[in-house]
There are 2 protein chains.
Amino acid sequence: MTAITVLLVDDHLVVRSGLKALLGTQPDFDVVAEAASGEEALGLVEQLSPAVVVMDLAMGAGMDGIEAIRQLRQRNSRQAILVFTTYDSDADIVRAVDAGAMGYLLKDAVPDEIFTAIRGAVQGKSVMSAPVASRLFQQLRNPDEVLTPREAELLSLLTEGLSNRELGQRLFISEATVKTHLAHIYAKLGVETRAAAIATAIRREGMR
Amino acid sequence: MTAITVLLVDDHLVVRSGLKALLGTQPDFDVVAEAASGEEALGLVEQLSPAVVVMDLAMGAGMDGIEAIRQLRQRNSRQAILVFTTYDSDADIVRAVDAGAMGYLLKDAVPDEIFTAIRGAVQGKSVMSAPVASRLFQQLRNPDEVLTPREAELLSLLTEGLSNRELGQRLFISEATVKTHLAHIYAKLGVETRAAAIATAIRREGMR
DNA sequence: AGCAGCATCAGCCAAAAGGCGGAGAGACCA
DNA sequence: TGGTCTCTCCGCCTTTTGGCTGATGCTGCT
């Protein structure tokens, strides 16, 4: 059985280095390259076409992980893509899975989880950390609490600190419509004020 | 010259592993132990008294990095403590330095920076990443923008999404006083609404 | 003693936000 | 075709927030 070729994508050298060290303990893994950005990752995938891409979502500069995943999928490359990130924010999980990630691991995962996830990914299995899975299931159980695209857009701008008027101008809708959307957002987030909505959004939805 | 003994403290195994691998390339470093939490770190320091403690601030469960630093200092241990973390939030920097950290590195630092910082730390030199240093200097240059303790307390509660009335009740002051404090906070943060203040606070001041 | 900074409070007023009910247009699906 | 979602908009009313000015007591520094 030939080794599983792996590309590591993370903007932190320490993390790449650690991951490489961990994977190096397993005979069936072969880390063929590392990338520090989305752009770099795209190039290396084309060049080396590794079996698995292990990717962080938050990339310091340039293209972020989600966008990189999306572009990889568009070039219908056959790599299995594994997300390996620090936070389990709802928004990130959904967007990553949506973009075409095969699995979603958290950085506090134990080595065995990582190994299992990578081996599973090449076989087309979807593996994710327990907290991630439970978040996904919760969304499936309570579809009422899932924001519509427009609402998500509003919420995102809301976290910039914009007023209703500014939101309207930015989105080319009336202030009345903004208020309607906000009311729906508050209901779904379970809050009563914009302040609480912003706090919830930034903390829970990972809008930083 | 005898090797510099190092204790690594980070709740992520991958990071510890990476740091260990990096430090292992230098003949004068000796990673004598790793800890995944503040509590663990305290015990290992007592037991091994390493020359340098490299510590992350965000620890998943239990005691966080700041508290660990504070307790190490109280036991007047003579270790040099280096903060090694992902974010350069104003609040974290100030609190870490205040607690007794010798240096402050960001996780995207290149290996050389890390090596230099550790070697400097044992000699009593204070080394920090460029972005961190510039933030500290900015605070020194503009003391007008530094929040008073009471204001910081308000801002912290503000990020929970409380209303003025609730803030007053929580702090046993009148709503009028709350408004006064808020006006000062807005001025210092350079914002005009509570929404923007919350967004700024959570993102910039690291109130997560 | 005097001054500056901090925390506390007040009143007034304009602007913003939030709650309520209602409603039309388009998309999509059974 | 009918039902459901989503996005859009309205008016009316109450509450909340923010801007402004001014004031008091305390602390610490000079």
Side-chain angles (χ1 to χ4, degrees), chain A residues 90-91 94-95 98 139-202 205 207, chain B residues 90-91 94 98 139-202 205:
Chain A
D90 289 347
V94 172
R95 286 190 302 154
D98 205 60
Q139 295 220 341
L140 289 179
R141 271 200 304 275
N142 302 338
D144 288 358
E145 293 176 10
V146 176
L147 300 183
T148 69
R150 194 55 156 174
E151 285 162 1
E153 200 178 352
L154 247 117
L155 182 56
S156 166
L157 287 176
L158 194 63
T159 65
E160 309 278 319
L162 301 190
S163 69
N164 289 351
R165 183 170 308 171
E166 291 169 320
L167 287 172
Q169 289 170 348
R170 196 75 83 83
L171 297 174
F172 306 107
I173 58 181
S174 80
E175 214 176 314
T177 307
V178 171
K179 287 175 134 191
T180 305
H181 283 307
L182 285 183
H184 294 159
I185 291 173
Y186 296 165
K188 288 182 180 178
L189 292 186
V191 300
E192 272 138 28
T193 67
R194 79 166 41 208
I198 293 173
T200 306
I202 298 185
E205 305 292 325
M207 290 175 173
Chain B
D90 289 346
V94 172
D98 205 59
Q139 295 220 342
L140 289 178
R141 269 199 308 274
N142 302 338
D144 288 357
E145 293 175 10
V146 177
L147 300 183
T148 68
R150 194 56 159 173
E151 285 163 1
E153 199 178 353
L154 247 115
L155 182 56
S156 168
L157 288 176
L158 196 62
T159 64
E160 310 275 319
L162 302 190
S163 70
N164 289 351
R165 184 169 308 169
E166 291 169 320
L167 288 172
Q169 288 170 349
R170 195 75 82 85
L171 298 173
F172 305 107
I173 57 181
S174 80
E175 215 176 312
T177 308
V178 170
K179 289 172 112 185
T180 305
H181 283 308
L182 285 183
H184 293 159
I185 291 174
Y186 296 164
K188 289 182 180 178
L189 293 185
V191 300
E192 271 138 27
T193 66
R194 83 168 39 208
I198 292 172
T200 306
I202 296 185
E205 304 292 326

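All heavy atoms count here, side chains included; hydrogens, waters and symmetry mates do not. Letters A, B, ... are given to chains in the order of the sequence lines, protein chains preceding strands, and every chain is numbered from 1.
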For this session: For DNA chain C, note the earliest and the latest nucleotide, 5' to 3', having some atom under 4.0 Å of a heavy atom belonging to chain A.
Result: dA16(C) to dG19(C)

Would you be so kind as to tabulate the donor-acceptor pairs closer than 3.5 Å made by side chains of residues 165-172 of chain B, with sequence neighbours excluded?
from	atom 1	to	atom 2	distance (Å)
E166(B)	OE1	S163(B)	N	2.8
E166(B)	OE1	S163(B)	OG	3.4

Problem set entry | Gap between atoms CG and P, on L154(A) and dC9(D) respectively (whole Å) | 12 Å

For this session: Between A183(B) and T148(A), just flag the one whose closest nucleotide in DNA chain D comes earlier from the 5' side.
Result: T148(A)

Problem set entry | Residue list, side chain to side chain contact (heavy atoms under 4.5 Å, CB included) with T180(A), at least two apart or on another chain | H184(A)

Problem set entry | Qualifying residues under side chain to side chain donor-acceptor pair (under 3.5 Å), relative to E160(A), sequence neighbours excluded | none

Problem set entry | Which residues share a side chain to side chain contact (heavy atoms under 4.5 Å, CB included) with E192(B), sequence neighbours left out | none

Problem set entry | For T177(B), all residues meeting side chain to side chain donor-acceptor pair (under 3.5 Å), sequence neighbours excluded | S174(B)

For this session: Enumerate the residues from residues 164-179 of chain B whose closest heavy atom to DNA chain D is under 4.0 Å, giving them by residue number; use none for an empty result.
Result: N164(B), R165(B), K179(B)

For this session: Estimate the overall bend of the helix from dA1(C)-dT30(D) to dA30(C)-dT1(D) from the end axes over five pairs each, rounded to 10 degrees.
Result: 50°

Problem set entry | Reading 5' to 3' through nucleotides 22-30 of chain D, protein heavy-atom contacts under 4.0 Å coded B for base, S for sugar-phosphate only, - for none | ---------

Exercise. For A197(A), which residues count as a side chain to side chain contact (heavy atoms under 4.5 Å, CB included) partner, sequence neighbours excluded?
Worked result: L158(A), Y186(A), L189(A), V191(A)

